[in-house]
Protein chains: 2
Amino acid sequence: MTNSNRSKPVRAATLADVGRAAGVSAMAASAVLNGARTSSRIAAETRARILEAAARLRYRPNATARALVNRRMNTIGVTAVIGGGELNAYAMEIFTGILSAAAHANQNTTMFTLHDWGRDTARLQGWCDGRIDGMILIAPTLDLEAAKLLPTHTPFVALHANTVLPNVINIESDEERGAYEMVRHLISLGHRRIMHVSGNRGFIGAERRINGYKRALANAEIPFSESLLVPATYVGDTARAAMSAWLKRNAGQPLPDAVFCANDGIAIGCLEAFAELGLRVPDDISVAGFDDTLAARTTVPQLTTVRQPLQAMGTRAAEVLLSLIARHADGGVLDFPNPIVFPVEMVMRSSVAAARGSARIVPGNPPVRS
Amino acid sequence: MTNSNRSKPVRAATLADVGRAAGVSAMAASAVLNGARTSSRIAAETRARILEAAARLRYRPNATARALVNRRMNTIGVTAVIGGGELNAYAMEIFTGILSAAAHANQNTTMFTLHDWGRDTARLQGWCDGRIDGMILIAPTLDLEAAKLLPTHTPFVALHANTVLPNVINIESDEERGAYEMVRHLISLGHRRIMHVSGNRGFIGAERRINGYKRALANAEIPFSESLLVPATYVGDTARAAMSAWLKRNAGQPLPDAVFCANDGIAIGCLEAFAELGLRVPDDISVAGFDDTLAARTTVPQLTTVRQPLQAMGTRAAEVLLSLIARHADGGVLDFPNPIVFPVEMVMRSSVAAARGSARIVPGNPPVRS
DNA sequence: CTGAAAGCGCTTACAG
DNA sequence: CTGAAAGCGCTTACAG
């Protein structure tokens with residue numbers, strides 16, 4: 001079966017069409033169709049005729065024409081990096097929050113993707129050409145140089161910006177505290193040899209989590225050991241490889257009691273690396289994540305993790321942006337706290353258990369618990 | 001620290017601004033800025049001056065003005081249902097495919113969400129008001145009545161449409177065959193009592209999977225048993241509840257050898273229901289999914305599943321839509337096969353194993369394997 | 001080779 | 001209470 005498009009390029013009805021059909025001017029039609037306030041001045045009978053014509057012709061005001069006049073497209077933009085062909089769970093979760101807030105305010109949201117924040121800054125500018133009223137940046141890593149090139153006629157909001165962006169409200173969560181609390185929790189369970197698999201070194205979020213980890217250690221007077229800080233990236237596969245390599249390198253050495261991972265993807269990578277060696281979680285080793293993305297609930301065992309309210313943060317980002325846009329339009333001044341910091345929350349599931357104490361031989365490539 | 005917006009509403013530079021700055025007309029600036037073909041007619045020196053002015057003023061052609069003239073917004077729309085506050089993994093995967101194809105063609109994509117296809121058809125029409133050039137519908141369940149109201153001035157493409165939509169190209173996968181192949185695989189592994197937990201009854205995809213399941217059974221001369229067809233919905237939690245209820249209802253009865261689930265979410269729900277009773281997968285029971293969403297790889301054990309190439313299907317949807325848009329614009333006729341059917345693929349992971357044969361008592365609430 | 005005009009579809013003042 | 005005009009920022013014919 002084939003589907004052939006009709007050959008006449010069908011056009012949507014315009015205000016002029018409606019006016020013609022109702023025997024009035026386009027302007028009269030506009031007044032009626034735009035609501036009570038203006039249309040009260042038009043005779044009821046005329047009004048009815050216009051309404052009928054509009055319905056019959058399925059009239060919809062053209063969004064681009066409207067936008068040209070109103071300087072308002074009623075859509076917000078969202079930019080995120082797309083790595084390895086897909087958006088990660090973190091960005092998706094935020095995007096969902098943005099989407100619902102925007103829909104709630106009758107705004108559309110259009111998604112832009114970048115391969116690299118550094119190289120693609122120019123594209124960012126290109127999108128601020130009237131097609132959106134404001135832009136949300138998800139986890140931008142822009143240097144100050146690039147940040148200065150952001151257009152000033154479009155309001156920006158960022159989530160987890162890696163640097164302080166001038167004139168950009170940043171929304172973040174209390175990552176240092178989240179890391180601190182989680183490691184403190186592990187310690188309270190009797191764990192002492194606690195490993196941290198970090199996110200990309202140099203990224204502000206990764207450093208904050210490392211700081212929280214170190215602070216919790218110091219607080220409990222557990223000496224920090226460089227060998228237990230495994231640098232990885234926020235991509236699960238990297239973490240899996242890093243953990244596997246670590247286990248191989250430390251064959252015969254004591255296994256850590258617990259691993260605190262800089263995000264859920266890393267935790268899943270560790271889960272896989274451990275499964276490969278027949279290590280059981282949490283029996284042989286406890287694993288904690290960070291973020292509480294959807295994936296944290298679909299692993300077995302489910303992940304104990306630090307919850308960042310990503311959807312709520314996305315929602316807030318959209319709300320802040322929308323008020324920024326409104327103020328920007330009427331030239332008003334707007335004072336927002338900057339950054340806006342969300343509290344994190346511990347989510348206890350089953351990948352973390354109390355310390356067992358007993359040493360264990362790992363099958364295959366045997367490290368030994370101290 | 002607070003961030004105060006500058007009070008003068010900054011405006012983007014216009015063509016007139018550029019012309020003024022370069023001492024030429026807006027039209028001359030337009031010609032130069034729009035590329036070689038037209039700009040060849042302008043003196044090199046003038047040209048340079050215009051280019052310099054545009055760069056200095058950071059000129060970007062206004063997208064809405066351009067769209068008004070060209071009848072082309074260079075953005076495609078995507079509509080999906082948002083359930084329980086979030087897009088599901090299935091829709092996200094497709095969306096990612098659309099996104100990359102659109103970006104590749106220099107098109108934006110804006111995402112629209114619906115709560116209910118039936119009630120919200122009018123909104124669908126409202127979005128076809130010039131802000132998008134075409135629309136992709138993800139898994140629409142529209143009745144013919146509603147489908148007829150879709151505007152004819154905007155091209156549509158659907159993925160997994162639940163009904164045949166007039167003038168809409170539908171993209172789907174060979175679901176019946178996928179179900180058939182998976183159940184045949186389970187049978188070849190020695191399983192006989194094979195359960196199917198279905199998607200929403202009445203949805204064409206769910207019915208196709210049921211048909212494939214039945215056909216494979218019939219082919220192997222295994223009688224179909226109504227009690228092994230457990231109706232659920234595509235939401236994992238429903239499936240979990242349905243499976244738990246089934247297990248309770250059939251306490252003392254033989255446990256199935258294997259469960260074929262209508263999607264990965266359902267399979268995860270089953271995994272949870274089994275874990276709750278201490279049943280081990282695949283030792284006590286094999287579990288197979290459908291879709292191969294990201295979640296299929298983060299479960300333990302990882303899911304054996306029928307892979308629908310969701311990203312590729314999204315990509316194809318965008319490509320088809322884009323050519324539909326191009327033809328629509330120049331009034332041409334376009335013949336596409338309809339529906340476009342993608343092959344599915346078996347993905348073997350560890351949630352399915354060969355039949356053990358031995359009867360097992362389920363701890364707690366004991367069904368017994370026959 | 002260059003400029004002035006018309007028009008895309010709408011809304012917002014301004015006249016009658 | 002109603003219509004004719006101007007303008008949003010651009011592009012596409014059409015004159016010079």
Side-chain angles (χ1 to χ4, degrees), chain A residues 9 11-50 53-54 57-74 126 128-131 133 153 329-330, chain B residues 9 11-50 53-54 57-74 126 128-131 133 153 329-330:
Chain A
R11 295 202 168 174
T14 70
L15 219 36
D17 294 331
V18 175
R20 202 172 306 123
V24 297
S25 70
M27 180 272 148
S30 172
V32 168
L33 265 14
N34 276 336
R37 195 173 17 78
T38 28
S39 70
S40 65
R41 66 188 207 169
I42 289 182
E45 197 273 336
T46 315
R47 205 180 129 72
R49 231 171 43 234
I50 292 171
L57 297 175
R58 298 239 197 97
Y59 172 74
R60 309 271 160 193
N62 180 291
T64 61
R66 231 176 197 179
L68 186 55
V69 178
N70 296 339
R71 305 174 170 290
R72 192 84 158 67
M73 192 61 194
N74 292 314
C128 300
D129 61 357
R131 83 186 77 180
D133 307 314
H153 58 270
D330 63 25
Chain B
R11 294 201 168 175
T14 70
L15 218 35
D17 296 329
V18 174
R20 203 173 304 122
V24 297
S25 69
M27 181 271 149
S30 171
V32 167
L33 265 14
N34 276 335
R37 197 171 15 76
T38 28
S39 69
S40 64
R41 66 186 209 171
I42 289 182
E45 197 272 335
T46 316
R47 203 180 131 73
R49 232 173 40 237
I50 292 171
L57 298 175
R58 300 238 196 96
Y59 171 75
R60 309 270 160 194
N62 180 291
T64 60
R66 231 177 197 178
L68 187 55
V69 177
N70 296 339
R71 308 175 167 288
R72 191 85 158 68
M73 192 60 195
N74 292 313
C128 299
D129 61 358
R131 83 186 77 180
D133 307 314
H153 58 269
D330 63 25

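In the text below, chain A, chain B and the rest are named by the order of the sequence lines, each starting its count at 1. As a basis for the values below, the full set of heavy atoms in this structure was taken, side chains included, without hydrogen atoms, waters or symmetry mates.
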Residues 64-71 of chain B side chain polar contacts: donor-acceptor under 3.5 Å, at least two apart:
unit_1, atom_1, unit_2, atom_2, d
B:Thr64, OG1, B:Asn62, OD1, 2.6
B:Arg66, NH2, B:Asn34, OD1, 2.9

Table please: side-chain donor-acceptor pairs of residues 20-29 of chain B below 3.5 Å, with sequence neighbours left out.
unit_1, atom_1, unit_2, atom_2, d
B:Arg20, NH1, B:Asp17, OD1, 3.1
B:Ser25, OG, B:Met27, N, 3.4
B:Ser25, OG, B:Ala28, N, 3.0

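Remark: B:Arg60 pairs with no residue by the salt bridge (Lys or Arg N to Asp or Glu O under 4.0 Å) rule, at least two apart or across chains. For B:Arg58, there are no salt bridge (Lys or Arg N to Asp or Glu O under 4.0 Å) partners, not counting sequence neighbours.
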Taking Watson-Crick and G-U wobble pairs with both distances under 3.5 Å, convert DNA chain C into its dot-bracket string, 5' to 3', dots for unpaired and | for cross-strand pairs. |||.||||||||.|||
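Shortest non-hydrogen contact noted between A:Leu33 and A:Leu15 is CD2-CD1, 4.0 Å. Of all heavy-atom pairs spanning A:Gly130 and A:Met73, the tightest one is O-CB, 3.7 Å.
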Base, backbone or nothing for each nucleotide of nucleotides 7-12 of chain C, written B, S, -, heavy atoms under 4.0 angstrom, 5' to 3'? BBBBBB
